[in-house]
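First the structure, in the form of structure tokens, and then the observations on it.
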Number of protein chains: 2
Amino acid sequence: MDKQERQNKESEILAAAEQEFIAKGYDGARTTSIAQAAGVTHAMLHYYFRTKEQLFERIVDEKFRVMSQSMLAVFGDPNLPILERIKGGIEAHFDYIAANPELPRFVINEIITRPERYELLHRHAGVIVSNIYDNLQREIDAAAERKEIERLDIRMLFISIMSLNIFTFVAYPFMQPIMGALMADRNKFLEERKRENIETIMRRIKRQ
Amino acid sequence: MDKQERQNKESEILAAAEQEFIAKGYDGARTTSIAQAAGVTHAMLHYYFRTKEQLFERIVDEKFRVMSQSMLAVFGDPNLPILERIKGGIEAHFDYIAANPELPRFVINEIITRPERYELLHRHAGVIVSNIYDNLQREIDAAAERKEIERLDIRMLFISIMSLNIFTFVAYPFMQPIMGALMADRNKFLEERKRENIETIMRRIKRQ
DNA sequence: CTTTGTCTTAACAATTTTGTTAAACAATCT
DNA sequence: AGATTGTTTAACAAAATTGTTAAGACAAAG
């Protein structure tokens, strides 16, 4: 067996584990199911990753990283003028979540059911928060001073953007059947929803 | 043993089960832990509720009902003028979730990890959606015709309101430590956040 | 005060699930 | 080839967890 095949097996287990853990959570996931889905015996899974716990950590670390990146995306391109920058940030964040629609729910659940892991995202996110303060808040204050936009707390805006973008995906499965035609075509709905989120935030920002 | 004591035991088990299921999910919950928290032997738990599954269903049914009610609250008091009505709806919904902050996450998880139960909320929520259409959309259209507010799809507005209100609570545990002073005092933050959500939606509605 | 049905306990059974091990097997290096 | 190293398999062990049962305690009703 050559190296490529081995790595292949490892990554097949990881892929199967990701699916299983995201779909069923840590407690609901079964190492035997993961092994079966990956096409290996369950002894092999333990050979490669030792324990369920360790396998899970591999997935969680990866997902926390992606989640942190998605949050960074909200802050957009610093070279653009403030309104363009925020608009681009919303769009980038939306697209990021669209590419990983199950990410937020997984991460939030993980944090709530196992708070000890908290700190990992905390460390990642700590950097983000510094960014918000040191850069964007100043810029917003300046623009507000020039009467271009409303005076506001970037953290509140950040929460609003995350709310609007993330909820769309987290709640999709249970909103879809009660929304009729609006959500029947997923791609069309997501396009409309993205526009709606941008519009909502832009109106919150612009001076009336 | 009289009836009251019996009912007491039953409701103690239910209370303990609610806590455990919400905190750890179905798979993570342990019937022995529930029994212990309720102060009964685990055989008693099985005597009263037969299986873990049946005990869980009792909790889920209750939570689905509360969730449906909270969604209805969004539509506010039909006797008020449209802007007042929507503002009141946002506020009522926010307060509803504030009183049951773990409800949305629990319900969404339940639906996603066990889609077969889907239909329950679907049936409940179907009624809601009829309400939206037959009443509020008409009223909004009329107000838009009179140039009082923007023309918009009530379903999109509904999603936005739910997003802003629910995300606040679902994400609280992982936003709190990265938000510093803003979220340090929970009650103060929730008040500010409620105002912010109302402001955000009102600006989306009002004609510019 | 006996009968009836309900409640309680403790021990146990069945199953599921994670994890281990020893031996077979394959690949690689000298 | 022979030794060494790493991989795979099948069977097994250990633990946890849900659920059952038999025997008896207890309260309520006749």
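The basis for the numbers below is simple: all heavy atoms, side chains too, and nothing from hydrogens, waters or symmetry mates. Each chain gets a letter, A, B and so on, in the order the sequences are listed, and its residues count up from 1.
- When all heavy atoms of B:His46 and B:Thr31 are compared, the pair lying nearest together is NE2-OG1, 4.1 Å.
- Taking the six-membered ring where tryptophan is involved, the planes of A:Phe167 and A:Phe174 are perpendicular, since the angle between them exceeds 60° and thus also 30°.
- The interatomic distance linking A:Phe49 (CZ) with C:dG19 (P) rounds to 13 Å, in whole Å.
- No engagement by A:Ala35 is indicated, since no non-hydrogen atom pair under 4.0 Å with the nucleic acid exists.
- Whole-Å rounding puts the A:Arg30 CZ to D:dT17 P distance at 11 Å.
- In plain terms, the two heavy atoms of B:Leu182 and A:Asp153 that are nearest each other are CD1-OD2, 4.0 Å.
- When rounded to the nearest whole Å, the span between CD of A:Glu10 and C1' of D:dT8 equals 15 Å.
- In this structure, A:Phe158 and A:Phe75 have parallel ring planes: the angle between them is below the 30° cut-off, well short of the 60° mark.
- Distance, B:Asn8 CG to C:dT8 P: 11 Å, rounded to whole Å.
- Atoms CE (A:Met44) and P (C:dA24) sit 18 Å apart, rounded to a whole Å.
- Contact annotation: the side chain of A:Arg30 approaches that of A:Lys52 to within less than 4.5 Å [non-hydrogen atoms, C-beta and beyond].
- What separates CG of A:Asp27 from P of C:dT17 is a distance of 12 Å, to the nearest Å.
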- Message: Base contacts versus sugar-phosphate-only contacts with protein, heavy atoms under 4.0 Å: please encode nucleotides 19-24 of chain D as B, S and - from 5' to 3'.
- Response: BB----
- Query: Checking salt bridge (charged side-chain N to carboxylate O under 4.0 Å, His left out) for the pair A:Glu199/A:Arg203: CA distance, chi angles, key distance, verdict?
  - Reply: CA-CA 6 Å; A:Glu199 180 71 18; A:Arg203 282 172 176 252; 2.7 Å; yes
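- As rounded to whole Å, 18 Å separates atom C1' of C:dG19 from atom OH of A:Tyr48.
- In terms of phosphate contacts, B:Lys9 brings a side-chain nitrogen or oxygen within less than 4.0 Å of OP1 or OP2 of C:dT8.
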